[in-house]
Amino acid sequence: GAVVSQHPSRVICKSGTSVKIECRSLDFQATTMFWYRQFPKKSLMLMATSNEGSKATYEQGVEKDKFLINHASLTLSTLTVTSAHPEDSSFYICSAREGRGEKLFFGSGTQLSVL
Amino acid sequence: DAKTTQPNSMESNEEEPVHLPCNHSTISGTDYIHWYRQLPSQGPEYVIHGLTSNVNNRMASLAIAEDRKSSTLILHRATLRDAAVYYCILRGYTSYDKVIFGPGTSLSVIP
């Protein structure tokens with residue numbers, strides 16, 4: 001089946017630094033990718049919807065300048081957490097779909113810890 | 001966005017069937033019903049999806065009410081590895097539909 005690869009799986013960084021998370025669809029073309037964050041024992045919270053070749057659509061309350069999303073190709077989307085602070089510590093998950101209305105494939109998630 | 005409601009938690013004994021309900025009374029005619037599950041510290045994984053008819057696959061069965069306002073995910077024989085949070089979501093059929101997750105149902109399987 002289709003696979004979405006997300007890297008890194010875990011990252012620890014100092015406050016003020018930037019962190020980039022990669023999400024790749026390995027054997028299909030993903031015209032749309034979604035980025036979520038998840039706090040412990042909570043559900044996934046949609047951050048943004050990313051369409052290849054266009055600007056991402058951010059959910060209300062998500063800072064565009066803080067969470068930079070790039071979807072430059074049909075197989076790669078990146079999320080950059082800029083000037084990270086401890087409150088940005090969370091589990092970040094990407095998702096991609098193969099077609100309209102079809103099933104979603106998820107990355108394994110990235111646990112970000114900002115010291 | 002059409003919303004879904006699920007019980008917060010459920011318990012099942014190992015090797016017994018489990019019926020996980022989901023209500024989606026505001027579903028539109030083109031919304032697909034999807035189920036995903038998430039094990040601890042992992043991304044969600046696809047379980048099953050359907051539009052109108054009941055669906056079966058190697059993981060589970062999906063029973064959809066005739067009016068499509070509710071559905072039930074059926075795990076025929078629960079195993080310890082089925083302990084997870086199960087999410088029922090509605091997927092539109094447009095190019096830019098976003099995917100919103102509700103709280104889901106946390107399933108515990110008792111040995």
Side-chain angles (χ1 to χ4, degrees), chain A residues 1-7 9-10 21 23 25 28 30-60 62 71 90-113, chain B residues 1-9 22 27-52 55 57-60 62 68 73 83-108:
Chain A
V3 175
V4 172
S5 176
Q6 184 174 344
H7 292 281
S9 58
R10 180 178 295 274
I21 301 170
C23 181
S25 57
F28 67 99
T31 54
T32 304
M33 288 187 174
F34 304 95
W35 286 94
Y36 296 87
R37 68 185 299 182
Q38 186 175 33
F39 293 106
K41 300 202 181 295
K42 298 294 184 182
S43 184
L44 285 75
M45 183 176 70
L46 180 65
M47 299 175 66
T49 301
S50 168
N51 292 292
E52 185 265 339
S54 62
K55 291 183 179 180
T57 301
Y58 290 81
E59 293 300 299
Q60 191 173 8
V62 178
H71 192 166
S90 188
F91 192 55
Y92 293 88
I93 306 168
C94 70
S95 175
R97 66 157 194 209
E98 212 170 353
R100 292 183 178 186
E102 292 301 316
K103 55 189 173 185
L104 297 171
F105 301 97
F106 290 84
S108 54
T110 298
Q111 182 62 54
L112 171 63
S113 300
Chain B
D1 301 323
K3 294 184 178 179
T4 62
T5 56
Q6 302 174 249
N8 289 333
S9 63
C22 180
I27 190 171
S28 73
T30 56
D31 284 338
Y32 286 77
I33 302 159
H34 283 236
W35 283 82
Y36 295 83
R37 71 179 186 182
Q38 185 179 25
L39 279 67
S41 301
Q42 294 185 30
E45 66 172 338
Y46 168 82
V47 178
I48 200 166
H49 78 286
L51 185 61
T52 56
V55 184
N57 66 21
R58 63 174 182 82
M59 289 182 71
L62 175 60
R68 298 205 333 123
L73 178 70
V85 178
Y86 287 78
Y87 297 100
C88 166
I89 64 172
L90 301 181
R91 291 290 319 281
Y93 202 71
T94 62
S95 298
Y96 300 101
D97 64 297
K98 52 186 180 182
V99 184
I100 306 294
F101 282 75
T105 297
S106 178
L107 175 66
S108 301

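The sequence lines fix the lettering, A, B, ..., with proteins before strands; numbering per chain opens at 1. Computed from heavy atoms alone, side chains included, the values below leave out hydrogens, waters and symmetry copies. Bear in mind the structure is a predicted one, so any value in this text is a computation, not a measurement.
Both the backbone and the side chain of A:L44 have a heavy atom closer than 4.5 Å to some heavy atom of chain B. With a threshold of 4.5 angstrom between heavy atoms, A:I93 approaches chain B through side-chain atoms but not through N, CA, C or O. Of the two parts of B:P103, only the backbone, made up of N, CA, C and O, holds a non-hydrogen atom closer than 4.5 Å to a non-hydrogen atom of chain A. Neither the backbone nor the side chain of A:Q111 comes within less than 4.5 Å of any heavy atom of chain B. With a threshold of 4.5 angstrom between heavy atoms, A:K41 does not approach chain B through any atom at all.
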Would you check, one step at a time, whether the test side-chain contact (heavy atoms from CB on, under 4.5 Å) holds for A:K103 with B:Y36?
CA-CA 9 Å; A:K103 55 189 173 185; B:Y36 295 83; 3.8 Å; yes
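The OG atom of A:S108 sits 13.0 Å away from atom CG of B:L39, with the distance rounded to the nearest 0.5 Å.
Looking only at heavy-atom pairs under 4.5 Å with chain B, the residue among A:K42, A:Q38, A:M45, A:Q6 that has the most is A:Q38. Chosen from B:G104, B:S106, B:S41, the residue pairing most often with chain A at heavy-atom distances under 4.5 Å is B:S41.
Across A:S43 and B:F101, no two heavy atoms sit closer than the pair OG-CB, 3.5 Å.
Within the 4.5 Å cutoff, no side-chain heavy atoms of B:V99 are placed close to those of A:S95.
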